[in-house]
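A quick write-up on the structure given underneath.
Computed from a predicted model, the values in this text were never measured in an experiment. The analysis underlying the following values was restricted to heavy atoms, covering all of them including side chains, and did not include hydrogens, waters or symmetry mates.
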Amino acid sequence: KEAAPGSTVKNQAFEIINGSRTATEIPEVKIPNPKPDKEDLNTDLIDIDKKTVVKGDTILYRLTLDAMPSAEELAYNVHKLGMVDDYDEKFLSLDPAAIRVTEKATGADVTGKFNIQVKDGVAYVFAKQVDSTGPNGDLLKGDPQPTDLKKYSEAPIDPATTPIIDQALMGKQYWITLPTKVIKDQDGYTIKNQAVQNIENSHQQTKIVSNPLKQINPDKDVTAEAGGK
């Protein structure tokens, strides 16, 4: 439970007969070390991290979901894969229907393979469950899909009862795009955002991106001279 991503777990046993100690070989298990990322773009896909935005602008958050390594390299099936993005709902709005998931390498739209939910200012994007055979030989049905993705993201994994995801999703990277619209301005306030990747309940954070807000205050004066218009 405490193994850090990227670390190696080693184990050795010893047989002792009448005080004679004989060591076994040392098997090693490597812990995956995915590298999720987050970008802060405008609608032209230009980096706007640290740049000022105003009310009405669109901040396109693009998350990189790193589903490495491949299923062939993993010792066990993967039950959970996704990202959680706690955006600033006081200043941003997000339509869940506008969220897209694409393969980074090919650009293929795979949104349909993910469950998506926006609730209480948090976006949840998790791979859908599929039917599989459990370790006891019984059928674990993927449907119905979870309706509360917050609860799903926090739930423990029991290989005997928890459905797996489509293992063909592993071994690739995905872009998750969240087009958020600035709905409020406030001078001196900075919108900050960070996402968290969840693979088998192992969590890794992305970098933090930010955008200062600028309040626009138009003004108008009128002057006149005696005898003038």
_Please report the interatomic distance CD(E25) to CD(Q12), rounded to the nearest 0.5 Å._
9.5 Å

*So, for P32 and P69, which heavy atoms are closest and what is the spacing to 0.1 Å?*
CB-CD, 3.6 Å

*Who are the salt bridge (Lys or Arg N to Asp or Glu O under 4.0 Å) partners of E154, not counting sequence neighbours?*
K150

_Please give me the minimum heavy-atom distance between A123 and I99, naming the atom from each residue._
CB-CD1, 4.4 Å

*Around atom CD of E28, are there more than 12 heavy atoms of other residues, nucleotides or ligands at under 6.0 Å?*
yes

*Enter the distance from L139:CG to K141:NZ here, rounded to the nearest 0.5 Å.*
5.5 Å

*Nearest 0.5 Å, what's the CG-CD1 distance between L92 and I183?*
7.0 Å

_If hydrophobic clusters are built by linking Ile, Leu, Val, Met, Phe, Trp and Tyr wherever their side-chain heavy atoms come under 4.5 Å apart, do I176 and I116 end up in the same one?_
yes

*Treat each ILVMFWY residue as a node, draw an edge where side-chain heavy atoms are under 4.5 Å apart, and state whether M170 and L140 are in one component.*
no

*Is any side-chain heavy atom of T206 less than 4.5 Å from a side-chain heavy atom of M83?*
yes

*When clusters are formed by joining ILVMFWY residues with side-chain heavy atoms under 4.5 Å apart, either directly or through shared neighbours, do V196 and V78 land in the same one?*
no

*For residues R100 and D109, report the shortest heavy-atom separation together with the two atoms involved.*
CD-OD2, 3.6 Å

*Show your reasoning for whether side-chain hydrogen bond (donor to acceptor under 3.5 Å, both in side chains) applies to Y189 and N211.*
CA-CA 9 Å; Y189 186 84; N211 294 101; over 6 Å; no

_N42 side chain reached by T58 side chain, heavy atoms, under 4.5 Å_ = no

*asked:* Check this for me: D120, atom CG, are more than 12 non-hydrogen atoms of other residues, nucleotides or ligands nearer than 6.0 Å?
replied: no

_Minimal non-hydrogen separation, L65 against G82, with atom names_ = CD1-O, 3.8 Å

*Would you name the heavy atoms of S153 and N198 that are closest together and state the gap between them?*
O-ND2, 3.2 Å

*Give a yes or no on this: more than 12 heavy atoms of other residues, nucleotides or ligands lie within 6.0 Å of atom NZ of K51.*
no

*Would you say the side chain of V54 lies within less than 4.5 Å of the side chain of D185, judging by non-hydrogen atoms?*
no

*Verify the cluster assignment for V125 and I164: are they in a single hydrophobic cluster under the rule of side-chain heavy atoms below 4.5 Å apart?*
no

*In sequence, state the C-alpha distance, the side-chain angles, and the governing distance for E200 and H79, and then conclude on side-chain hydrogen bond (donor to acceptor under 3.5 Å, both in side chains).*
CA-CA 6 Å; E200 290 298 271; H79 301 78; 3.2 Å; yes

*Which ILVMFWY residues are connected to V84, directly or by a chain of links, through side-chain heavy atoms under 4.5 Å apart?*
V122, Y124, F126, L149, Y152

*Compare all side-chain heavy atoms of F14 with those of T24 and state whether any distance is below 4.5 angstrom.*
no

*For K80, what residues pass the side chain to side chain donor-acceptor pair (under 3.5 Å) criterion, not counting sequence neighbours?*
N201

*Give a yes or no on whether K113 atom NZ has more than 12 heavy-atom contacts from other residues, nucleotides or ligands under 6.0 Å away.*
no

*What do the steps show when you test Q145 against D143 for side-chain hydrogen bond (donor to acceptor under 3.5 Å, both in side chains), and what is the final call?*
CA-CA 5 Å; Q145 300 294 321; D143 290 326; 2.8 Å; yes

*Kindly compute the distance separating OG (S132) from CG (D166), expressed to the nearest 0.5 Å.*
11.0 Å

*How about K128: does its NZ atom have over 12 heavy atoms from other parts shown lying under 6.0 Å from it?*
yes

*T180 to Y61 - nearest heavy-atom pair and separation*: OG1-CE1, 3.7 Å

*asked:* How long is the straight-line distance from CG of D37 back to CD of Q197, given to the nearest 0.5 Å?
replied: 10.5 Å

*Does one hydrophobic cluster hold both L81 and W175, with members joined at side-chain heavy-atom distances below 4.5 Å?*
no

*Got a second to check how far K184's NZ is from E89's CD, nearest 0.5 Å?*
11.5 Å

